[in-house]
Amino acid sequence: MGVNSRVQSRAVRIAPWRPDPAFAHLMLAARDAQPLQRFDLRRQLDQMKRLGYRGVVTAALAPPDHAVFLEAGFRIIERLHLLQRELGPDVTRGPRQTRRARRKDRITILAVDRAAFDPFWQLDETMLVDALTATRTARLRVIEGPDGQVIGYAVCGRTGPRGYVQRLAVHPDHQGQGVGTSLLADGLAWLARWGAHDALVNTQSDNHRSLGLYRRAGFELQPGGLAVLRLEFGRSGQGDRRQPQLGVLRTR
């Protein structure tokens, strides 16, 4: 379902939130730099209410985006580390060989994701597509185990001179074997090869293993970090009590 918006509006995607589909999941495209405007957020919230959602949870947002959401009544429910690394010729390949992901790998990729992350952070098929389309160009790579099954994957993307490590997950049974290091190195080398000057990545504040991986790879913590925000619609704004429609809403 699509809704037209002003040309200068921030690109927004709304889909059911995986841990609780009664809530909408609001994502802002990484390809856009300008914060979401108050008018656009208000219009999105009205649309979500009409669709029957009980509330909304955002994707991880940078500090410049926080103000408009906090003014609308959102509260911060999770904080994440934001890290940055300059890219140059020092990016080298890791100890494990990666390969391009195939369409048939999607089921196994999502199984790895579920094993690697708590339910709050897990991806479904729609959210994986969101990660692959949030930037101008993207790359999905996997590493196989001895039995040929995918044991780790990474999504990296690029918009102009900035790169993003959108997602990196390794099955817990294969962590500590160089899988994450190889996926990260492969993605950074690809970003550098295609002209990215730096790369950003985020991780949960209590995910010490991932934080160590990124720090060893040369990433540095950035001030402010990221935050996930939530708003539960009040009784007077809920409208009817229909079940939420499970289609996605794209706007521009």
With the side chain counted from C-beta on, respond yes when D40 and V12 share a heavy-atom pair under 4.5 Å apart, and no when they do not. no
Taking the side chain as every heavy atom from C-beta outward, state whether V228 and W121 have any pair of such atoms under 4.5 Å apart. yes
Nearest 0.5 angstrom please: R100 CZ to L140 CG, how far? 9.5 Å
Are I109 and L128 packed together at the side-chain level, in the sense that at least one heavy-atom pair is separated by less than 4.5 angstrom? yes
Do F69 and L36 come within less than 4.5 Å of each other through their side chains, counting heavy atoms only? yes
Is R99 salt-bridged to D105, cutoff N-O under 4.0 Å? yes
Which residue, T126, T133, L26, forms the side-chain contact (heavy atoms from CB on, under 4.5 Å) with R13? T126
Could you state the interatomic distance from CG (L226) to CG (L82), rounded to the nearest 0.5 Å? 4.5 Å
Spell out, yes or no, whether I143 and L188 are grouped together once hydrophobic residues are joined by side-chain heavy atoms under 4.5 Å, including indirect joins. yes
Does the side chain of L211 reach to within under 4.5 Å of the side chain of F219, using non-hydrogen atoms? no
CA sep, side-chain torsions, deciding dist, call: R167, L123, side chain to side chain contact (heavy atoms under 4.5 Å, CB included): CA-CA 10 Å; R167 192 73 165 181; L123 298 186; 3.5 Å; yes
State plainly whether one hydrophobic cluster holds both M27 and I76, where clusters connect Ile, Leu, Val, Met, Phe, Trp and Tyr through side-chain heavy atoms under 4.5 angstrom apart. no
With a 4.5 Å heavy-atom cut-off, do R85 and L83 have their side chains touching? no
E78 and Q204: CA distance, side-chain angles, deciding distance, side chain to side chain contact (heavy atoms under 4.5 Å, CB included) verdict: CA-CA 8 Å; E78 292 283 349; Q204 302 97 295; 6.0 Å; no
Less than 3.5 Å apart, any donor N or O on the side chain of Q84 or D198 sitting next to an acceptor on the other? yes
Kindly say whether F117 contributes a backbone atom to a donor-acceptor pair with the side chain of Q122 at under 3.5 angstrom? yes
Compare every heavy atom of G152 with every heavy atom of V179, then report the nearest pair and how far apart it is. CG1-CA, 4.1 Å
What is the minimum heavy-atom distance between L168 and L183, and which atoms define it? CD1-CB, 4.3 Å
How close do Q166 and A134 get, heavy atom to heavy atom, and via which atoms? NE2-CB, 3.5 Å
Residue pair P95 / T181, side-chain heavy-atom distance below 4.5 Å: yes
Below 4.0 angstrom, N of the basic side chain to O of the carboxylate: do D46 and R43 qualify? no
Salt-bridge test for R38 and E71: reply yes if a basic N is under 4.0 Å from a carboxylate O, no otherwise. yes
Spatial distance of atom CG (L45) from atom CZ (F233) [nearest 0.5 Å]: 5.0 Å
Does R54 pair with D20 as a salt bridge, N-O distance under 4.0 Å? yes
Co-membership, hydrophobic cluster, residues L110 and V170, 4.5 Å side-chain: no
To the closest 0.5 Å, what do you measure between CZ (R136) and OH (Y164)? 10.5 Å
Single-linkage hydrophobic cluster, 4.5 Å side-chain cutoff, V57 and M127 together: no
Take atom CD in E125; do more than 12 heavy atoms of anything else shown fall under 6.0 Å from it? yes
Taking C-beta and beyond as the side chain, do R106 and V129 meet within less than 4.5 Å on heavy atoms? yes
Would a distance-only check, ignoring hydrogens and angles, find a side-chain to backbone donor-acceptor pair under 3.5 Å from R158 to G160? yes
Pair K49 + E232, salt bridge at N-O below 4.0 Å: no
Has R230 got its NZ or CZ under 6.0 Å from the middle of the six-membered ring of F23, at an angle within 45 degrees of the ring axis? yes
To the nearest 0.5 Å, tell me how far M48 CE sits from L231 CG. 8.5 Å
Can you confirm whether more than 12 heavy atoms, excluding those of R18, are under 6.0 Å from its CZ atom? yes
Nearest heavy-atom neighbours spanning P119 and P19: O-CG, 3.5 Å
How many angstroms lie between atom CZ of R141 and atom OH of Y153, to the nearest 0.5 angstrom? 15.5 Å
Any donor-acceptor pair under 3.5 Å linking the side chain of T58 with the backbone of L229? yes
Are the side chain of T135 and the backbone of G157 linked by a donor-acceptor contact shorter than 3.5 Å? no
Could you report the tightest heavy-atom contact between L80 and A60, atom names first, then the distance? CD1-CB, 3.9 Å
For N202 and H81, run side chain to side chain contact (heavy atoms under 4.5 Å, CB included): C-alpha distance rounded to whole Å, both residues' side-chain angles, the deciding distance at 0.1 Å, then the answer. CA-CA 5 Å; N202 67 73; H81 293 302; over 6 Å; no
Between H171 and A116 (side chain of the first, backbone of the second, donor and acceptor by atom type, cut-off under 3.5 Å), is there such a pair? no
When you measure from the side chain of D118 to the backbone of F120, do you find a donor-acceptor pair of N or O atoms at a distance under 3.5 Å? no
Starting from L132, can I reach V142 by hopping between I/L/V/M/F/W/Y residues whose side chains sit under 4.5 Å apart? yes
Shortest non-hydrogen contact from A115 to P172? O-CG, 3.2 Å
